[in-house]
There are 2 protein chains.
Amino acid sequence: MSMRRAERLNRLQSTLDAGGYLRLKDAAHLLGVSEMTVRRDIASCGGRFAYLGGYIAGGPESAGGMGYILDRERDAHIEMKRAACDAAATLLKPGETVFIDCGTTTTHLASRIPAESRITVVCYAMNIAEIVCRKPGVRVVMLGGLYHASSASFSSPESLEMLRGIGINTAFISAGGVHESLGISCSNFHEVEIKQTAIANAVTKALVVDSSKFGQVKPAFFAKLDSFDFLCCDDGLESARAERLAAAGVHVVPA
Amino acid sequence: MSMRRAERLNRLQSTLDAGGYLRLKDAAHLLGVSEMTVRRDIASCGGRFAYLGGYIAGGPESAGGMGYILDRERDAHIEMKRAACDAAATLLKPGETVFIDCGTTTTHLASRIPAESRITVVCYAMNIAEIVCRKPGVRVVMLGGLYHASSASFSSPESLEMLRGIGINTAFISAGGVHESLGISCSNFHEVEIKQTAIANAVTKALVVDSSKFGQVKPAFFAKLDSFDFLCCDDGLESARAERLAAAGVHVVPA
DNA sequence: GTTGCGATGTTAACATCCTAACATTTTCTG
DNA sequence: CAGAAAATGTTAGGATGTTAACATCGCAAC
């Protein structure tokens, strides 16, 4: 690839990274070349840019770099996740402070938060922050630290310290596996302390998972089922299981 | 607007918030309606979605919610900012740890970081994090806290504490105003402590500003010019000014 | 029921985009 | 400087997206 092409691609990238989209002809004008050359540039580095009908957008790996995982999972259980978050959204109340866990499920809950609800959101994942930071009437507290691409989340001792100082009305916790006797688990060990602290600091604790997670086990256990007040789930939950949950004091929120 | 339309828009939004784009026909299939209805849905809530040639993308207000400011500024000094960051990028070295300040200038520097450079980036702004978190070979440390939409950045006492524990090879600091006698200033008071701590913890201190910032003053002063080792700027700097800077011990990096 | 209205689907004309082939310019090399 | 190769520009035709007008459906009020 020639120097000029590489330079053009760099300029394109830094323009697009700043956010938004670019008309093909605007890009051509910006770079001082013809539209055809821009097309060829983009084609030459396949995947670095998303090319949609006359527009150029940033790479397809948006949402904090876990694009691949996200795409795979999207096709899988997206409708169930959305249903689970529909249930969870009924627990949102204006003016309250909520903790939103990381993962691909809770993004649906984040987008359900009304823009003008004066809700305070505490989070520690890029994909959640990207959604809630755009809402003008939502106050956001981000727990920072070292980035973990596997879940697009951050962790650090100082963040835990910060979280301990925050009063939470409702903690919305996600999980990779829910096992009735073994407990609730996730894939990443660094999430354990954060989830546990959020649960400890919250008045109301809500588990947000789709029904495919039941019976599953992931490497990092972080809580038992009876730690939660509510289970927000799609309607795929077996009735026998729902009854055992109710007996354990976990209220199943209808989707 | 009907209930069904509102519901469709919600489903669209939560699908798109998760990241990426949607083909119009995929969206139509997902929602179980015709393409034309999807078009009408999107048109009915103008601005909530970006509609580009056959694809649907999330709202135009990307980049941490400061879309408006960003767009205004983009037209203004984007080429100068890019040039300033070209200069700054020459100071990047593989394996090192860098601090990247918030603002619309430093995004260009962030996108210049090679994906496989094994660089560690310390940042505290959404628009910077969105860029660097996508690069697999870049380690990211995010300083969290309360979100400030004006600069898409976070601040908190705990983050300052975290920053104090991080050794920085090069701190890339941006500014809203650079005045030779009064000093260097920015628009947001919460940034002051972070910038000062980053400067204090860095071996090399680089000021990254375009030449339009010279002579300007913003409400929050945070440093003097001679605190910096390098000035990364576009080539619009008057030679008399450059000479005075050199005399003060600030090396002007050629763009 | 049926009448009316809004929502949705369908079609066709139109505009735009995309691709490939070829023409031109630039760059590199001997 | 000549020649070749790469890069870029131009054009044209097919593919795709867009819009407007009209047809149909579903629901609610009378």
Side-chain angles (χ1 to χ4, degrees), chain A residues 1-16 19-62 71 74-75 78-79 82 86 111-112, chain B residues 1-17 19-62 71 78-79 82-83 86 111-112 114 255:
Chain A
M1 184 183 310
S2 82
M3 221 56 201
R4 314 184 86 162
R5 169 166 290 179
E7 171 57 20
R8 282 199 303 269
L9 286 170
N10 274 338
R11 291 180 61 175
L12 253 191
Q13 177 136 44
S14 64
T15 304
L16 289 171
Y21 319 97
L22 217 50
R23 275 202 147 73
L24 182 59
K25 69 174 161 191
D26 291 337
H29 186 259
L30 173 75
L31 300 174
V33 295
S34 74
E35 297 187 18
M36 197 60 224
T37 300
V38 180
R39 284 177 195 278
R40 281 194 268 246
D41 286 352
I42 292 168
S44 76
C45 62
R48 192 163 149 200
F49 299 99
Y51 192 21
L52 348 147
Y55 292 78
I56 310 167
E61 352 91 61
S62 61
D71 278 334
R74 254 224 296 237
D75 296 343
I78 184 169
E79 281 306 322
R82 195 200 317 283
D86 279 347
S111 22
R112 277 264 187 293
Chain B
M1 185 186 309
S2 81
M3 220 58 201
R4 313 183 81 162
R5 168 166 290 179
E7 171 57 20
R8 281 200 304 269
L9 286 169
N10 274 339
R11 291 181 61 175
L12 255 191
Q13 177 136 43
S14 64
T15 304
L16 289 171
D17 275 341
Y21 319 97
L22 218 49
R23 275 201 146 76
L24 182 59
K25 69 175 160 190
D26 291 339
H29 186 259
L30 173 75
L31 300 173
V33 295
S34 75
E35 296 187 19
M36 199 59 224
T37 300
V38 179
R39 284 177 195 278
R40 283 193 267 246
D41 285 352
I42 292 167
S44 75
C45 62
R48 192 161 148 200
F49 299 98
Y51 190 23
L52 352 144
Y55 291 77
I56 309 167
E61 351 92 62
S62 61
D71 277 335
I78 184 168
E79 280 306 322
R82 196 201 316 284
D86 280 347
S111 28
R112 277 264 187 292

Ion pair A/R23/A/E35, N-O distance below 4.0 Å: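 No salt bridge links A/R23 with A/E35.
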Whole angstrom value for the distance that separates [atom2] of [N] from [atom1] of [X]:
| X | N | atom1 | atom2 | result |
| --- | --- | --- | --- | --- |
| B/L24 | D/dT18 | CG | C1' | 10 Å |
| B/E35 | C/dA7 | CD | P | 21 Å |
| A/R5 | D/dG9 | CZ | P | 11 Å |
| B/M36 | D/dT19 | CE | C1' | 7 Å |
| B/R23 | C/dC17 | CZ | P | 16 Å |
| B/R39 | C/dA15 | CZ | C1' | 12 Å |
| B/I56 | D/dG17 | CD1 | C1' | 13 Å |
| B/L31 | C/dG9 | CG | C1' | 15 Å |

Does C/dG9 have OP1 or OP2 under 4.0 Å away from a side-chain N or O of B/T37? yes
Please check the phosphate of C/dC17 (OP1 and OP2 only) for any side-chain N or O of A/Y51 closer than 4.0 Å.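 Result: no.
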State the CG-CG distance between B/D86 and A/N10, to the nearest 0.5 angstrom. 8.0 Å
About how many Å separate CG of A/D26 and OH of A/Y55, when rounded to the nearest 0.5 Å? 9.0 Å
I need the single residue from A/L30, A/I56, A/L31 that forms a side-chain contact (heavy atoms from CB on, under 4.5 Å) with A/T15. Which is it?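 So, applying the side-chain contact (heavy atoms from CB on, under 4.5 Å) to A/T15 and each of A/L30, A/I56, A/L31, only A/L30 qualifies.
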Would you say the base of D/dG9 and the side-chain of A/R40 have a donor-acceptor pair closer than 3.5 Å?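 When only heavy-atom distances are counted, A/R40 does reach the base of D/dG9 through a donor-acceptor pair under 3.5 Å.
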Name the nucleic acid region contacted by A/Y55, choosing base, sugar-phosphate or nothing; use a 4.0 angstrom heavy-atom cut-off, strictly under. nothing
